[in-house]
Amino acid sequence: MENHPELVQIKSSPTPHKTKLTLQQMRERLSAATGKTYWRSLEELIDEPGFEELLENEFPEGVAELNRAEDGLSRRNFLKLAGASMALAGLSACTRQPAEAIVPYIRQPEDLIPGIPKFFATTMPFPTGGIPLLVKSNEFRPTKVEGNPQHPASNGATDVFAQASVLDLYDPDRSTSSSYRGEQRNWGDFAEAIDLYKTKAAGSGGAGLRFLSETVISPTLASQIQTVLKKFPGAKWYQWDPVNRDAARAASQTLFGQYAEPIYKFEAANVVLSLDADFLNTSAFPGFIPYSRAFTSRRKLAEDVPMSRLYAVESFHTTAGALSDNRLPLRASDILTFAAALASALGVAGVSAPAQEWTQDQQKFLTGLAKDLKANAGTSIVLPGEQQPPELHVLAAQINQALGNIGKTIVYADPVELVPTDQLGGLKQLLADMNAGKVDLLVILEGNPAYNTPVDLGFELAMPKVKEIVHLCNYRNETTRMSQWHIHSAHYLEMWSDARAYDGTCSIVQPLIAPLYGGHSTHEVVALFTDTPELTPYDAVRAYWTQNGKAAGDFETNWRKWLHDGIIPNTASPVKSLTPRGGTPQIKTLDKNAMEVVFRPDPTIYDGRYNNNAWLQECPKPLIRLEWDNAAMMSIDTAAKHGWNQEDILRITVDGRTTEAPVLVVYGMPDNSITLHLGYGRSFSGRVGNGFGFNAYEIRGMNAPLIATAEKVENSGGTYKLAVVQNFNLIDPHGDPSLMNRSVQGAEAVRRDIIRVGSYDEYKKNPDFAHGDKFEEAPEENYSLYPGYDYTRGYQWGMAVDMNSCVGCNSCVIACQAENNSPVVGKEQVKIGRDMKWLRIDAYYTGDLLNPRAFMQPMMCQHCEDAPCEPVCPVGATVHSPEGLNVMVYNRCVGTRYCSNNCPYKVRRFNFMLFADYTTPSLKPLRNPDVTVRSRGVMEKCTYCLQRINAARIQAEVEETRLQQADPKAERKIRDGEVVTACQQACPTDAIVFGNINDPSSRVTKIKAQPRNYGVLTQVNTRPRTSYIANVVNPNMEIGDRTDMPGKTYIGAES
Amino acid sequence: MATKGLTDLPPAGRPYLVDPPVIAPGHTFASVTEKVMRTVLTPHTPIGWIFGILVTFGIVQILMVAAGYLFYQGVGIWGITIPSAWGFAIVNFVWWIGIGHAGTLISAILLLLKQSWRTSINRAAEAMTLFAVMCAGMFPILHTGRPWLAAYWLFPLPLTMGVWPQFRSPLIWDVFAVSTYFTVSLLFWFTGLIPDIATLRDNAKHRVTRIIYGVLCMGWRGSARHWSRYETAYLLLAGLSTPLVLSVHTVVSWDFAIAVLPGWHTTIFPPYFVAGAIYSGFAMVLTLLIPIRAAYGMKDFITTRHLQNMAKVMLATGLIVAYGYFFEAFMSWYSGDVFEMFQFKNRATGPLGAFYWMLITCNIVLPQSLWFRKVRSSPVLLWVVSIIVNVGMWLERFVIVVISLHRDFLPSSWGTYKATRWDYATFLGTLGFFTFAFLMFIRVLPMISIFELRALLPQSRLQPLLEENLQ
């Protein structure tokens, strides 16, 4: 080499200093730069060695995108895509998958194809039992909640709380940081403080340590807490939920000497008696989702399945009451007496009913009911209401026992909570300790005890007497104000945990996204008190199930299966063979003229925890269709007797304490009974909920948390406007007694053949009762100058709604809102009538409004083949697709609103102003990316979930292409069940069915072939693709029938 | 009564029992020209006019604010909602268009029917039509949710991304009808103005004024050839305008008749709307001209005869409208259709029923006073009746639009309608704009057709001259 200088030795090029560029470094570089220097930094970054590698590691899909773009990984493309995301320095690790492996639901059962977004199985923790879910994740963020079809507590459906829970994740009012006495602190500070406390408390065995949690249904959490209690023998743990099972638990102690939960088998029951049990509304009733399906399976009138009969004796008009065949409005205080009378009529030993003057109707009801129950011994269920005292639960169990239902339609199992207690009793103990100054550290794990504990316990007043209070919570609420430490918590979609469903079946809660604001879960806080304070929730849950999972085989394999399926099999509570003890419970009666106040969990915001959830605040309460507030609900005659008008503000005094609430007349309520929904009247809830409604907790004392007696109810003189979405139009009889207390709307709905109902007897004789001369139908031939469209080719989409199965729970309403990015408009706009929800559940009251029959009809765009909205749009923004859908083109709409005027169903919603929230950043990830967010001046309506139809079509076409590589004639059509609309998927009772009506084997075709199938307003010749299955009721004619529709369609009452 | 001449004397105390003349006696060509021209070419603007302009200009500002806020915030500032998605805006639109029809009828149809009494009112009436159509035309754009797109997507222009308007929609028919109506009315009115503008040009003192009028009259010299072409053009335009009187409001009525909504879906609407349009149009002409003839001293030209004739037209069309109301009610019952029957019951006895009864009072009951000659001949009473009819016709559109909408097929969607202050402000604003434009018109253009008026004078009749000369 030395002799040949022309051969230059090629020295190895200097190795670039290979420092592995990390996201952290990049951020630090960028955080220092601003404005122009910022962008210049980004440019420099692109040139930095190792950058492209980092990019591939961090955003693998992003790089693939970039490389596919025209100029590949150019400056321009990179800046476009990644520049903004790097600026979100505040969000820590928002696109990284957590190091703990979560398992996607990729391999699904044969007849279930969810779509391209990934679905993860998890569970929503709820006090009455976890709700198993499959949560849709778009680009690593959860956007939609669905039920888990593999878990018996869901069967693929959800309730309204689960559907709206994803909004809570992105709530802009969420607490985003922890603090101590108002100053921001981080987790390390908190951990240090607890460590210090632990050392101090070790001496006294934690005598001053108290834990106050909500009802714990997580086995891991319970076990962690027990570990802490073992370590600190002086410490105590209490559970409190304002809507709890204390009554049922106390009753089970009386009946069995142990805690047991009844599990009902509605499918086996011929007769169901609901004693004030609101069991068809929300998960406020444990097991609502599977129970409603089981119950309605006896109402769908499938072949060879005889129809059941539901009796409802209730103090409020619940959805169960609306569906009931025979109904008796009775004050909550009187229901106990009624149950006692029923028990003695059925021969339950030792029960003597107190003397009560029943009216003739009530006596007839009692007699008919007792006879029917006796005839169905062993195939009936008597259901006690959750708002009723323990005595009623005892009586109900005794009646079930006398009827021989135990073991057949009712079995007993362990309660869902891991440590069932008397929650109120525990709370009293805690308050005694707090007031005595014995508590030096109170750890409040979620919840809002300063707001929702019984008012006479004085929790808020006792809080300053505690040295330090730690409040772990998602919001900075009423309790946070009085606490020293506030730890911002993780939402259930951000954390690892586990949960038991109502029947004990366990499932893992796996996160879909790392905590948006770095929140912490209850597991982390409790772990700090153990000997392993750094135990992550992931490890804690795994450790628990390693120890307690009774599955055979390798843990890792089982773990992955449990995460994949969303259920840990064979964990249901074993059935306990128990016999209720006899003995008459003490039956208190209430004076006939005294006014009772019944506290019920709100059907949309529950106990107040969802107060700041805009979807739930704007969700109409079933049957009364009130939004944004609660009210003092009472019967027509109660209001009339006292001279109160609707919206008059009443001052209600219970036990010396007062609250205010406006009057709302609810049809079918008993006299002298006021129902107040809990959860309103808050001032520290958030931008959405503050100031709406009236606080019922102000008069809810520890002696009467369920049913109280009002000392005084007077008109305060003020009025308060209520946003009621449907005005039922009471008829002013003007001297015609036969029209007294009728609803014009209900009468017209019947006259116009919108509601068609027949009795079960009539149906058996004439299944075609919903058609015939009494009804006006569409003309046979479609008279038109235009040639008809050939709808016999391709897919033709249609929907059927079973009116007998709809329980009015609103799951479909919120599911549609979540799926389609429908905006919330606020109370003022709702009052004018500008609600934007595409799906509504109309309520029609027929008969005498003192005890009416209410019909609930889901109404959405009917996708008429002869749509009146189409020819009148001046710009052609609404057109008809060849598959039968009426398609709305948002971009073309100029907003003349003629289509809405011409729609007979009024299902079109108009954006009168910019209702969609374009600005709040935290709400942007929530939106479904497959659906446009509509702007001002544009009309919108139900689209039959066109985005889901297209997703299924794309999937089918892709597979067809693949198949055709082997066999050119191969076909892959969209299969029945592949396209599930959002409303269909959420419905617990399978009331909505969607599919291809051109396919003779599809479910929807078979349902539409039923004789009970009819269309609403078909006489207008719209030819709707959505049809309804007529109602069939099964009243006990010895008692009578409240379906009174003079002169029209009701057949069977006379026979 | 053409036979009753100028020489008959009325009985004492009842001057109205004899037909008044079409033009007061004693005028010459010069006096007629002078009288009308002076209202324009005077250096002394009447103080009343200045006051009127200031007030109406203020009201036009209200319109600007209302429209501005509307564009800023959205159409939700009005009281419209679901189900009543059309409110004041469409009511006002139909009301204004209806008012416009009188002008065209007076100008075109009465010309073809050779009714000489049209002469002194046709100019003002045509101007009224133009301004009314301008006011009406604002609403279809204002009331849409996205007016910046509606402004050009409703027209078949080649710059809408290749998408034509949807021609089956009555709203597009409206676009064609109203724009045609405006165009033809403008041309007709302008053509008629040319000889008069020439008169103004010839008599104007200031150079600038002469130049402006000179440009506008397009070189009119008054030669025989000009006159001959003028007459042909005028007749042609009258022929074009005549069918518009019937067709425009028919097309507007189809906005409602084409819909399936009970209360809208009725075949009587086209003739009933046209009659109603003429009814309200004549009422508005009277509302405007009665004060103006008094203020400007034009009683010699707009005589009691004109008032009487217009009142007769009003009475006739009012009776047609009453017939329409009666048949709507009758057919609702006779059809046996549950929706129709409820719709009428709701209209008369529902929550908004008061408006229906006000409508019947204003449109049918009170105008029956026009049967009495005394009322027909009294300017004050006639003016009051014309206001009542205008209010009644507004109420009619309100009843049709809002009451039919708020309770329709599906009971669960029944709602109500409550107008907001912006609804009122926009309506008031258009009234102000209309009056402002009309006042401007009076000031700068002759409110009566001078040359046609001259043709009414006995001096203009050719026969006596011939007789004279042949002697």
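In the text below, chain A, chain B and the rest are named by the order of the sequence lines, each starting its count at 1. Values below: all heavy atoms of this structure, side chains included; hydrogens, waters and symmetry mates excluded.
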Chain A heavy atoms under 4.5 Å from [X]: which part of the residue, side chain, backbone, both or neither?
X	answer
B:Asp337	side chain
B:Ile90	neither
B:Ile141	neither
B:Phe155	neither
B:Val175	neither
B:Trp148	side chain

Chain B contact via [X] - which portion, at a heavy-atom distance below 4.5 Å:
X	result
A:Leu1017	side chain
A:Gln829	neither
A:Val1020	side chain
A:Val1016	side chain
A:Pro868	side chain
A:Met859	side chain
A:Thr896	both

Are [Y] and [X] an aromatic pair, judged by ring center distance below 6.0 Å?
X	Y	answer
B:Phe339	B:Trp264	no
B:His101	B:Tyr181	yes
A:Phe775	A:Tyr1014	no
B:Tyr417	B:His406	no
B:Trp86	B:Phe93	no
B:Phe427	B:Trp394	yes

Ring of B:Phe342, cation from B:Arg407 - is the NZ or CZ under 6.0 Å from the centre and inside 45° of the axis?
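No, B:Arg407 does not lie over the aromatic ring of B:Phe342.
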For chain B, which candidate among [options] shows the most heavy-atom pairs at distances under 4.5 Å?
options	answer
A:Gln857, A:Arg892, A:Lys906	A:Arg892
A:Ile754, A:Asn902, A:Asn911, A:Val907	A:Asn902
A:Pro874, A:Gly937, A:Gly876	A:Pro874
A:Gly895, A:Ala749, A:Ser935	A:Gly895

In this structure, are over 12 heavy atoms from other groups packed under 6.0 Å from B:Tyr334 atom OH?
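Open: at most 12 neighbouring heavy atoms sit under 6.0 Å from OH of B:Tyr334.
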Does atom OH of B:Tyr424 have more than 12 heavy-atom neighbours from other groups under 6.0 Å away?
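Open: at most 12 neighbouring heavy atoms sit under 6.0 Å from OH of B:Tyr424.
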Going by an N to O cut-off under 4.0 Å, is there a salt bridge joining [X] and [Y]?
X	Y	answer
A:Arg934	A:Glu940	yes
A:Glu627	A:Arg834	no
A:Glu618	A:Lys827	no

Tell me yes or no: between the side chains of B:Thr144 and A:Arg897, is some donor less than 3.5 Å from an acceptor?
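Not at all, the side chains of B:Thr144 and A:Arg897 share no donor-acceptor pair under 3.5 Å.
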Out of curiosity, [X] [atom1] to [Y] [atom2], how far, rounded to the nearest 0.5 Å?
X	Y	atom1	atom2	answer
B:Leu157	B:Trp164	CG	CH2	8.0 Å
A:Asn886	A:Lys941	CG	NZ	4.0 Å
A:Arg1023	A:Glu865	CZ	CD	7.5 Å

Out of [options], return the one with the most heavy atom pairs under 4.5 angstrom to chain A.
options	value
B:Ala89, B:Ser412, B:Pro147	B:Ser412
B:Val163, B:Leu154, B:Leu261	B:Val163
B:Val75, B:Ile172, B:Leu171, B:Ile82	B:Ile82
B:Val260, B:Asp255, B:Ile80	B:Ile80
B:Val338, B:Asp408, B:Thr416, B:Ile77	B:Asp408

Considering the options B:Phe398, B:Phe344, B:Tyr325, which one meets the ring pair (Phe, Tyr, Trp, His ring centres under 6.0 Å) requirement together with B:Tyr356?
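Going through B:Phe398, B:Phe344, B:Tyr325 one by one, the ring pair (Phe, Tyr, Trp, His ring centres under 6.0 Å) with B:Tyr356 is satisfied by B:Phe344 alone.
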Quick check on the structure: residues of residues 835-844 of chain A within a heavy-atom distance below 4.5 Å of chain B, by number.
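A:Arg840, A:Asp842, A:Tyr844, listed by number.
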